[in-house]
Every structure is written in C-alpha cells, then in structure tokens.
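Here is the naming used below: chain letters follow the sequence lines, and residue numbers restart at 1 for every chain. Both backbone and side-chain heavy atoms feed into the values below; hydrogens, waters and symmetry mates do not.
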Amino acid sequence: MKIFYTVLIVLMGTSIIFSQDLRKPPEGMVLVAEGGFIMGSKYGDHDEQPQQIAYTKAFFIDKYEISNTEFAKFDPNFEFPASKKDNAAIVTWSQADAYAKWAGKRLPTEKEWEKAARGIDGRVFPWGNTYDNTYVVWDQKSTRGTSIAKPASPYGCYDMAGGVWEWTADWYKPYPGNNTPMEQYGEKYKVMRGGSNFNNHSFVRTSQRYYVLPEKISNYPVGFRCVLDIE
Amino acid sequence: MDNKLRPCLLFLCFLFVAIQTRAQKVNKFPSKTDPLHKKVAQFDKLMLGNHWNEGAIMQHVIFPPAGLDRPIVGSQADCLDPTSEMLAAYSHKYALTKDEKDRDIANQIFEAILKLEKVTGVSGLVARSFNQTDEPLWHEEVMWYHEWHQSTSMPGYRWLGDLSADKFTSIFYGVGTFWEICADAEYKDKAAGLLDRFIGRVIDNNFKLTDLDGKMTLWGNFCPDLPHQSLNSLEMLAALKVTHRITGKERFNAAYHMLIDRYQYDDHQINSKILFPKEWRNVGDDYHAARSLYMLMRFEDDPKLLNKYRMNLNRHWYDWKDIEFTWESTIWFVMVYQVLTGEDIMTEERRQAIKDMWGFERRMKEFNIPQKDGSFKKVKSEEERTAAAMIRNYWFGRYYGIIDEKW
C-alpha cells in the first residue's frame, strides 16, 4: 500500500510538471496556457453571443502593443512625432500583418486575443468586473502601460482595455450558434478589439467586437500586438 | 499679356467672385465693439443665411470652390448641437417677442430634426446629419469614418449615423425647450411624437443607442447592464424625465424610476463631473451635464432626487465658479447655475464676459480633397464655424432676465 501511494504521488507530481509548458516566453511576451475559457457575453452586442466555452492551444503573446519605435525598425519610412516613440503604433491591418510576419510572429485570432485579455473566468475587463478610469490608458495620446493603477490581464498583458484598438487576424463573422443576420459578416471587415477610451466604457470590455475595413481605419486608433506559436 | 487673354482672365475672376459671393450669401460681420444685441443679430443672419441646411444648422460651412458646387457642406458629426441651440434660441426668443416669424423659424428647425429621423427610414432612429445628394460627398471620406448611408426612405439623400450620447442630449434639450415655450398645439404633438419614438427606441434596446447594424453606437451607452460614464446616467434620467413630461406616457416614468430604484442611477449621476485629477476635467462633458441638469432640475419635484441633482450641480460649480470664459458654453454654465439655484452669482467680470460674446471668424483654409482616382488635390477655400451657442446664450439670458436688451 505504501508503495502504491508513493507511486501515485510521484505520478501526480510528474504529471503536473509535464503538463506545464516549460518553455520560457521570449522577452516582452507572456505565456497563455492551453485550455478552455469563457468567450463572449450574455448582455453585450448581439455579435458577442452566444457566450461559449472556447479552446486555444498554448501560445505566447506580447505584453504590450507594438510601439512606434518598434514598428519603425520594420518600416524605416514609418513616421511619428519624436515625443511618441513609446506610444502604440497606429497602422492598417496589412501593415500590422506584415510586421508580425517580419518578426516571425502573427496576429492573434479573436479567440487568442480574448483569452489573453480575460483569462478563463469570463471577467468583463482584464482586471475584473469593475471599471475605473485609473485602470486604462486614456487613449493613444498617452504611452503604453501608463495607466495609474497599471492592472495586468490574468496572463500579464497590459493595455488590453483602452489605449488603442487592436487588430486580430480574423474576418468579422458570427460566432457558432449566432443566428442574428448582419450584412457586415463575411470577408470584408476585420475585427478589432480592446476599445479606445475615446469611446464609451463598454467598448473596453474583453468580449466587445468591432468591425472595420482593414485598410481604411480613418479616425479609429488601431494598433496591434503579436502572438508566437509554441512548437 | 496677350490682349485676348486678359479679358478672358478678367471674366474668369469676375465669375469666381460672383460664384463666391452668391454661395456665401451673407458676408457682413459685426464689429467686436458693437453692442451685444447688434452682434447677435448679425451672427444670426450669418447662421440662418450660410449654415441653413433645410432647417438643420450646420456646425461647419465650407464655401466653394473646395471641391463643392454649393456651400453648407463641412464636417457634420456635431450638427445636432447647433441645430438644437438654434431651436432653443428661437424658442426663448419667441417666448419673449411672441413674433410669429420667430416661431416659424423654430418650427422649421424642429422639422429638420424630424427629417433627421425620416431620412434613416427607421422609426426612432435619428441621424447626425443629412445631405441632399445621390453620390457620396468628398468630405465623407476624410471628415468622418464610414457611417454615411444612402437613404432608402428619402431618395436623393445621404445621412450620417452613429448617434452619440451628446447628440441624444441635444435632441431632448432642444425639442424639450421648443415644446415648453414655443410650439403651438400641433407642434407640441409632433414634438411629443418624436421623443416618444426616439427615447422609446432607446428603452426598447435596453437603454442603448443602436445603429442600423443593431450594434450599440460608439458613444451610445446608457445601459444598466454595461459599464458606462456617470454622465450618461444623468443624460438618461434627464431624457426620461423630459419625455414623460412631454408625452405623459407612464412607460417613461416607470423607466426613470426603474433606473433609480433598481440601478441607482440617481447616485451614479452625482459623479458626472470628474474633478480629479485636474487634467481630466472636461468642459465638453460639462456642456452635456449642464443641458441635462437644466431640464431635469426644473422638471423634477421630489426633494430627495432634487438634492442629489443639486449635489451634481455643486460638483460642477466647484470648477465653473473659477472658469475662464474661453468659449460660449462656459458662459452658459454660469447662467444655468443662476437659473437653477436662484443665487445671484453675476459679478461684473461675468457680465462683461457675456457682453463680449463673439461668434466666429471666417477663415481661409487648405483642404485636401480626395479625387475619384484615389489621389488628393489641395484646394484653398473659406470656412465658418458656428455662432449658435452664442445666439442661444443671448436669448436664454434675455428670457431669464440675466441679459439686458440694451447690452
């Protein structure tokens, strides 16, 4: 019996060890573990419904949005005011996609973005369920990570609520089981997430979806962060 | 210069000036040293002459040749603000003068707000602005994002969607004031009908402004289930109070008390004014709060609720009492505070600021006009901003005895 318990404890211990992803995230990235999470919302816009359990593989994601300085390393012709070198870069979808590929990464899917922002428990905001102005970067005028309270998402990402909107890889399509018709669904618009505090508080919810033409962002401040697959 | 070329050039110059003059309609500006009533009268002519778009008042007018064949086209996202200000202005003016001409202008402006609903083709959905045109206008691409629609209910018109909380406030403030002191029986019914449909649709959508796509607009959140600004709680309570008063329909009263009893909007609204950190103070938001409190505090008679609204006003006054009169709305804040509290807070400095009110300068500006081939062409043209707030302030002040007609 003693041997049985010893083996069991060893097995349980090793299973925990082996179930963890032992790869260290590259600098500036955090690990998002494989598994299910609560995606969508019961009370947001109709395109956030139905709320569901969604799954992702493990992946790494940038802690912060890509800055102007970082983007300019990829595109030396990218212009920005000297005072905004640390601000999130505002770019079109194809610019964001090209940067991600250049960096050996890719843009996050909606699922990946939402999981990185809210963790597994279905929280409304990256930090919990209550809004406060001090939790967010007001808009692109401020630099990344400069909110007063500096709350991180459950996986350690910053500014996933407020700051600039963020590109995802996905076209704007209905979630499985969503039967509300919308002429914008299809492969015309890309989904941006995270809101900008220039808009109302509800737009910085982790489940909020918004569609925009990938190459015509006009007045929308849209930036991005990248993900890296784990082999 | 070639003798044949010279007359041609002269003729072209004459043609250009003639077109400009005709397009600009009103070109006479008052002098800064003129008495207030004279300045207001002249800016009123400029607004009605140059900014009039089938009754709607344009916030920004660009004159030909900036890619245009007619004026009254510019950035149109905020047109409901000057439209409601001119509606309120003419309502106050009519209440004083009892001149049917003033009432007729107010009626026409109100009809434009009705048209802003009609053009969307959806009952209760109100546009930000409209243009009579079959084709997209150049500024649609560069001055607002892709929220312009071709009207299906009014062929030959295009309209701008994505209505926001501040324009929502413009509607109940302007229409409410019109109903209260200007509209005759027929127009009272029309005003009640409009607010019944408009605010009723917001209630039906769980206190959200929703667009044609069924999604909440970027700034249209009053929803008790969603996080929203305290200011939006105030605006929603004010809208419901005004609409209940005007329509007499119990559903608006029930919604008002539901938001208070179940969701504590009465407590939430107290903090509409962000006082600290100081750099977050926003006089733009104060304007929406001032219009909401002006309507709400005069229509509410429950002392407990009035006390909470007064708390909100006090928080604003903490900032307003020392405010610099940098634009017309800040002058209006002080007048609103005096009207709502009955306190005599008019100092000589504030009186002088009212007397010094000014509308706008006409300026030359270079516009980057998108062409059909995707390129851009730089064109210099004249533009005007709005004097509607100044005109509203004047007649508001006259109505409440704050401004002397001899000023």
Side-chain angles (χ1 to χ4, degrees), chain A residues 41-49 123-125 127-136 138-139 141-142 147-148 161-162 165 172 174 178 180-185 188-189 192 195-213 215-222, chain B residues 75 77 136 139-149 160-166 168 205-233 235-236 268 271-277 279-282 284-285 288 370 374:
Chain A
S41 163
K42 289 177 180 167
Y43 53 81
D45 278 344
H46 55 71
D47 59 358
E48 299 169 45
Q49 297 169 21
R123 60 186 59 186
V124 176
F125 300 107
W127 53 82
N129 293 326
T130 309
Y131 179 86
D132 189 284
N133 282 340
T134 67
Y135 298 175
V136 297
W138 191 250
D139 57 31
K141 287 175 199 145
S142 304
S147 69
I148 293 171
W165 293 88
Y172 183 55
N178 181 316
T180 307
M182 234 182 127
E183 66 178 57
Q184 289 80 4
Y185 285 144
K188 182 176 180 185
Y189 298 97
M192 57 182 187
S196 162
N197 241 34
F198 184 44
N199 310 129
N200 77 63
H201 296 171
S202 182
F203 278 64
V204 304
R205 289 178 304 113
T206 52
S207 58
Q208 173 73 33
R209 309 174 74 201
Y210 215 77
Y211 60 88
V212 67
L213 290 168
E215 304 309 315
K216 264 192 175 178
I217 55 175
S218 299
N219 288 351
Y220 291 108
V222 201
Chain B
S75 173
H139 68 283
E140 292 184 12
E141 282 291 316
V142 291
M143 291 187 180
W144 193 251
Y145 34 88
H146 311 279
E147 306 290 352
W148 282 93
H149 308 273
L160 180 59
D162 204 42
L163 198 73
S164 52
D166 51 341
F168 167 90
N205 287 306
N206 197 17
F207 300 94
K208 292 183 237 178
L209 289 170
T210 51
D211 226 330
L212 265 190
D213 60 8
K215 281 173 73 69
M216 181 168 65
T217 62
L218 283 176
W219 293 275
N221 179 13
F222 314 95
C223 177
D225 295 325
L226 294 172
H228 60 264
Q229 284 91 329
S230 301
L231 174 60
N232 293 28
S233 291
E235 290 166 340
M236 194 67 235
H268 195 232
N271 292 322
S272 299
K273 174 74 178 175
I274 298 174
L275 284 168
F276 301 103
E279 57 269 25
W280 286 8
R281 295 180 188 180
N282 182 334
D285 281 351
H288 317 316

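Looking only at distances, a side-chain donor or acceptor of B/K215 sits under 3.5 Å from a matching main-chain atom of A/R209. Between the side chain of A/D45 and the main chain of B/M216, a donor-acceptor pair closer than 3.5 Å is present.
For A/Y211, the part lying under 4.5 angstrom from a heavy atom of chain B is the side chain only. Interface remark: A/E48 contributes no atoms to any contact with chain B (heavy atom separation under 4.5 Å). Looking at A/F203, the atoms closer than 4.5 Å to chain B (heavy atoms on both sides) all sit in the side chain, from C-beta outward. Contact annotation for A/N129: neither backbone nor side-chain heavy atoms come within less than 4.5 Å of a heavy atom of chain B. Both the backbone and the side chain of A/T134 come within less than 4.5 Å of a heavy atom in chain B.
Between chain A and the residues B/T210, B/D225, B/D213, the most heavy-atom pairs under 4.5 angstrom are made by B/D213.
Side-chain atoms of B/N206 and A/Y43 form no donor-acceptor pair, as typed in the model, at a separation below 3.5 Å.
Using a 4.5 Å heavy-atom threshold, the side chains of B/P227 and A/R205 count as touching.
Within a 6.0 Å sphere centred on CD of A/E183, other residues, nucleotides and ligands contribute 12 heavy atoms or fewer.
Between A/G44 and B/L226 the shortest heavy-atom distance is CA-CD2, 4.5 Å.
The distance from the OG atom of B/S230 to the NE2 atom of A/H201 is 8.0 Å, given to the nearest 0.5 Å.
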Notebook entry, point to check: Does the pair A/N200 and B/L218 meet the rule for a side chain to side chain contact (heavy atoms under 4.5 Å, CB included), with working shown?
Noted result: CA-CA 7 Å; A/N200 77 63; B/L218 283 176; 5.9 Å; no
